[in-house]
Structure formats: structure tokens, C-alpha cells
Amino acid sequence: MSSTAKKHRRLPDFFIGLGILCFTAAGIILLLTFFPVITEEIKYTVNHQLQITNYELKPVDTNFGIVIPKIGANAKVIDNINPFNEREYQIALTKGVAHARNTSYPGRAGNTFIFAHSSANWYEANRYNSVFYLLTKLETGDQIFLYYQGKKYVYTVTDKRIVDATAVGYLQKGTGNSTVTLMTCWPPGTTLKRLIVSAKITPN
């Protein structure tokens, strides 16, 4: 067989190998992207089957923290973050979830807005933003505990919806009863839509 014929024969093998390599790399990236989501789903399913739900979690921060017993969420809330400044909120989200600047605080009149974004960088998104991955499991009547300046406030879920990424009306501070709005990107690991959970304070 001539050297030219051998070259032509090796060429398809090269492209086959390249295709397998690309397919494998894509699979690894996909797995890494959604591994936290899968992990949280498995934990939730196991706990639900064992009826380990609505248990009391010790908050990681009582100065400003959030606990959602049903989904096992427990995080520090980083105060006064600009939700329109990606660099600022991505840094904040390496430490917990973020409280939107110019919105209210727990126990006070108006709306407290707390969010976790997915990132354009899948590695950053999955390292730091898995706290709210299971917000979709919340239903009307579920409880959210907010801790602020050493005091615990109990909120009851009233609404859950998926909205466009451009919907910013939920960021309004409001002037009525004390409410909280939780937001994360939807589907998990993307920035296509926003999942919004609304809750109102439960009188003591």
C-alpha cells in the first residue's frame, strides 16, 4: 500500500478519534454542570422518602441568614448587593445568597428580595449557587425562616412562578406587610428564566 493511501486511511481514524474526544468532553462538562442539581434532587428524594422534612436546621448565620426546612437550604445572606452588577453579586454569591440593595429587611414593612444567580461560568455557578436549586419544590403553605440581627422571622409561601429574565418588578421594596421574595435562575445552571417564590410573614 502506498504512503498516500495510508494517509487517506488514517484521516478518517483521526476524525473518529476527534469526535469521540469531543463527545467525551461534552459529557464531562454536562455532568459537572448538573452534578449539584442531581445531588440536591437525590438528597431531597431520600429525605422525603424517609420523611426527614421540615426539621429544624441550625442557621449558619443569625445576623442575616436563611433556612428553608423543606429543602434543607441553609445559607448566609450577604447584605446590600446590587442585583444589576454581575461582578458584585457573583463575588457575594461565593459566600452565600444575596440581599438586593434598596429592598426591605426581615420583620420590617415591605419586600425583602433574596437571590442566587446562575453564572455564565458553569464552574462558578455550580460551586456557589446550589442553595436555591430546590426552590421549585416549595408550595403554598411551606415555611421560610429568615434570621436578622439575632431574631428569627417565619414566612409562609404564598406563590411560586417562572418569569422572564427581564422581569424586575419583583425587586420593588414595597410599603405594605413584611414579605420576602426568593429568586434563582431557571432551569438550574442556565440564565434563561427566573424562578420566583413569594412569602409573607407569619404573625407570632
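The aromatic rings of Phe115 and Phe113 sit tilted relative to each other, their planes meeting at an angle between 30° and 60°.
Residues that satisfy the side-chain contact (heavy atoms from CB on, under 4.5 Å) test with Ile162, not counting sequence neighbours, are Trp186, Lys193, Leu195. Residues meeting the salt bridge (charged side-chain N to carboxylate O under 4.0 Å, His left out) test with Asp159, sequence neighbours left out: Arg161. Not a single side chain to side chain donor-acceptor pair (under 3.5 Å) links Tyr148 to another residue, sequence neighbours left out. In this structure, Arg108 has no side chain to side chain donor-acceptor pair (under 3.5 Å) partners at least two apart in sequence or on a different chain. Every residue meeting the side chain to side chain donor-acceptor pair (under 3.5 Å) condition with Glu139, not counting sequence neighbours, appears here in chain and number order: Lys160. Residues that satisfy the salt bridge (charged side-chain N to carboxylate O under 4.0 Å, His left out) test with Arg101, not counting sequence neighbours, are Glu88. Residues forming a side-chain contact (heavy atoms from CB on, under 4.5 Å) with Val168 (at least two apart in sequence, or on another chain): Phe84, Leu171. Here Thr158 pairs with Ser198, Lys200 under the side-chain contact (heavy atoms from CB on, under 4.5 Å) rule; sequence neighbours left out. Partners of Ser104 by side chain to side chain donor-acceptor pair (under 3.5 Å), not counting sequence neighbours: none found.
Cluster membership for Leu93 and Ile91, using ILVMFWY side-chain heavy atoms within less than 4.5 angstrom, is not shared.
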Problem - Residue pair Val77, Thr112: steps toward the side chain to side chain contact (heavy atoms under 4.5 Å, CB included) verdict - result: CA-CA 11 Å; Val77 180; Thr112 303; over 6 Å; no

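Closest of all the heavy-atom pairs between Gly107 and Tyr155 is N-OH, 3.0 Å. Of all heavy-atom pairs between Gly141 and Thr156, the closest is CA-CG2, 3.6 Å. The nearest pair of heavy atoms linking Ala165 to Leu192 is CB-O, 3.8 Å. Between Asn74 and Pro59, the shortest heavy-atom distance links the atoms OD1-CA, 3.5 Å. Taking every heavy atom of both residues into account, Tyr89 and Asn82 meet most closely at CD2-O, 3.8 Å.
Atom CG of Leu135 is separated from atom CG of Leu182 by 5.5 Å, given to the nearest 0.5 angstrom. Once rounded to the nearest 0.5 Å, the distance linking CG of Leu146 with NZ of Lys151 reads 13.0 Å. Here CG of Leu138 is found 10.0 Å from OG1 of Thr140. Values are rounded to the nearest 0.5 Å. Taking CD1 of Ile144 as the start and CD1 of Ile201 as the end, the distance is 12.0 Å to the nearest 0.5 Å. To the nearest 0.5 Å, atom OH of residue Tyr133 and atom CD1 of residue Ile71 are 13.0 Å apart. Annotation: the span from Ile81 atom CD1 to Thr103 atom OG1 amounts to 11.0 Å, rounded to 0.5 Å.
Counting only heavy atoms from C-beta outward, the side chains of Phe145 and Leu57 never approach each other to under 4.5 Å. Residues Tyr170 and Val163 have side chains in contact (heavy-atom distance under 4.5 Å, counting atoms from C-beta outward).
A distance-only check finds no donor-acceptor pair linking the side chain of Lys137 to the backbone of Lys70 [under 3.5 Å].
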Show the atom names and distances, to 0.1 Å, of all donor-acceptor pairs under 3.5 Å that link a side chain in residues 60-69 to residues at least two apart or in another chain.
unit_1: Asp61; atom_1: OD1; unit_2: Asn63; atom_2: N; d: 2.7
unit_1: Asp61; atom_1: OD1; unit_2: Phe64; atom_2: N; d: 3.2
unit_1: Asp61; atom_1: OD2; unit_2: Lys76; atom_2: NZ; d: 2.6

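When the shell of 6.0 Å around CG of Asn177 is examined, it contains 12 or fewer heavy atoms from other residues, nucleotides or ligands.
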